[in-house]
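Data block below; observations after.
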2 protein chains.
Amino acid sequence: MEPPPKSVLARGLSLLDAFGTADTDLTLARLSARTGLPKPTAHRLVAELVAGGWLERTEGGYRLGMKLFVLGQGVPRQRGLREAALPYLEDLYEATHENVHLTVFDPPDTLFLEKVTGRRSTPIVSRVGGRLPAHCTASGKVFLALGPPSYLRDVVDGGLARLTPRTITMPGLLRQDLDRTLERGYGLNREESEPGVVAVAAPVHDHHRRVIAAVSIAGRAHRLDLARLAPAVKTAALSLSREMAARG
Amino acid sequence: MEPPPKSVLARGLSLLDAFGTADTDLTLARLSARTGLPKPTAHRLVAELVAGGWLERTEGGYRLGMKLFVLGQGVPRQRGLREAALPYLEDLYEATHENVHLTVFDPPDTLFLEKVTGRRSTPIVSRVGGRLPAHCTASGKVFLALGPPSYLRDVVDGGLARLTPRTITMPGLLRQDLDRTLERGYGLNREESEPGVVAVAAPVHDHHRRVIAAVSIAGRAHRLDLARLAPAVKTAALSLSREMAARG
DNA sequence: GCGGGCGTTTCACTGAGCGGAACGGTGCCC
DNA sequence: GGGCACCGTTCCGCTCAGTGAAACGCCCGC
């Protein structure tokens, strides 16, 4: 039970926020509990959200409405990147038949904007719209290594969560890994986010060389030769950078 | 300038709704004009939306925030369908290298949930999260032909907009086309939404045979042999139906 | 038949929200 | 360079939208 905000708008939006990644349907009682709003208040606000199409009523609960999906697809920061990136991501997929990602940094996480995958790819946890802590993903290391120092500081201050036995949880070791990332120009993830899964990632720059996204390939440890794949990933990211620059 | 809602929550949300498909950045003044909210009110509400991450400030404007994209990806009605459908859509893409769609009916429109495409595909207007009037899409005809009669009635009552010279705008002709759609078990679009572009669509059912989505292929008129493709599209839709039924 | 969960309705109080008015900055055009 | 138009922003006293404790009817499992 969170301390509820006092403005009506923030309260109403907290009801949308209450839907976590794992939730599909939530009952009024649960929404009330999660947001800390009194039941009658939650009831009134939820009714308004349903009327607007932001939530949908189901038997015995509420779920996020289609309007949110549609609106979300219009978010400029992802839309431009996704549209420009898709052809390049598909090229990488064709060449490897493994999971190809487009990611951005949404501190302190790596946020997955797009995932090109198929039956032959290693099944992994990543999901479009999903997140993983930056310090244990190949993309995240690219952001931390090439971005401003404050990125790394904030991530370290927030604590380096251990997801697998190989996750780097010591700030010193992470810093070393980032130094090598900077030298090489690409980031690696050796079973640090998921056992048996490795990844390579390369940075996408905007027209003033700031890192705005990353392209990565992830798959089973023994199926991917990371050093051999790295140039291809870097090339794809570079082409995308050029295209983003051209688009402004 | 719309008549502004009087509840705070609805007013705040109308600010998000004000971002149309074509807009990326909107100024405060424009937001105020579109929603009909007085400038100071819009200013206050927008500030709250920014604080919550729903909007982002840019130099000289506001844009939709990443939170909306992330939340939108969690919308259950699209998430389950998309995840289950992707492998089948990719199979169709591999076989044809043309635009493969997953759609739902969002009256009075066909709403595109997923689009698998590539460099070799005919470039067409469809976009994930985008819409086209149901009466001029192959998927839409599937929804109108197999769904409850009220679907068709409401669409006809709303008026059959003409998008191309071949768009069916007469209710009687549309009804005939839907009868044939019902017989065949698949819907066709012969340059009715976009000149030179044709499509085939087949229905996806839930565990109680209600139509919940459609799978379609669209491309240049002379490149696609619709009658020959139809069985493949139907098969993919059927497999997806079975999978959706299995998932509950 | 009883208890505990649910969603829903009521209603008198009150402070959150309102928006007209006024302010400072910026860029365009006589 | 001065006037003008439009921008975002701040102020502040009035008031009605929003509040939430209390109570209700319902459905279930015990």
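Keep in mind it's a predicted model, so treat the numbers as computed, not measured. First the proteins, then the strands, lettered A, B, ... as listed; each starts at 1.
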| Do Ser126(A) and His101(A) meet the criterion of a side-chain donor-acceptor pair at a distance under 3.5 Å? | yes
| request: Tell me which of Leu9(A) and Tyr62(A) sits closer to the 5' end of DNA chain C, going by the nucleotide each one is nearest to. | output: Tyr62(A)
| said: Over all strands shown, is Arg57(A) touching base, sugar-phosphate only, or nothing at heavy-atom distances under 4.0 angstrom? | reply: sugar-phosphate
| said: Name the residue from Leu146(A), Ile212(A), Leu144(A) that meets the side chain to side chain contact (heavy atoms under 4.5 Å, CB included) definition with Phe105(A). | reply: Leu144(A)
| Rounded to whole angstroms, how far apart are CG on Leu55(A) and P on dG7(C)? | 14 Å
| said: Nearest 0.5 angstrom please: Phe143(A) CZ to Leu111(A) CG, how far? | reply: 9.0 Å
| query | For Phe19(B), is the NZ or CZ atom of Arg79(A) found under 6.0 angstrom from the centre of its six-membered ring and inside 45 degrees of the ring axis? | reply | no
| said: Measure CG/Leu26(B) against P/dC6(D) and give the value in whole Å, please. | reply: 18 Å
| field | Under 3.5 Å donor-acceptor, Ser32(A) side chain and Leu28(A) backbone | value | no
| said: For a quick test of reading the model: is some side-chain N or O of His43(B) closer than 4.0 Å to OP1 or OP2 of dG8(D)? | reply: no
| task | Using atom CG of Leu31(B) as one end and atom P of dT9(D) as the other, report the distance to the nearest whole Å. | result | 12 Å
N/O contacts under 3.5 Å, protein versus nucleotides 19-29 of chain D?
from    : atom 1 : to       : atom 2 : distance (Å)
dT19(D) : OP1    : Arg11(A) : NH1    : 3.2
dT19(D) : OP2    : Arg44(A) : NH1    : 2.4
dG20(D) : OP2    : Arg11(A) : NH1    : 3.0
dG20(D) : OP2    : Thr41(A) : OG1    : 3.2

| task | Please indicate whether Arg131(A) has more than 12 foreign heavy atoms, meaning atoms of other residues, nucleotides or ligands, lying under 6.0 Å from its CZ. | result | yes
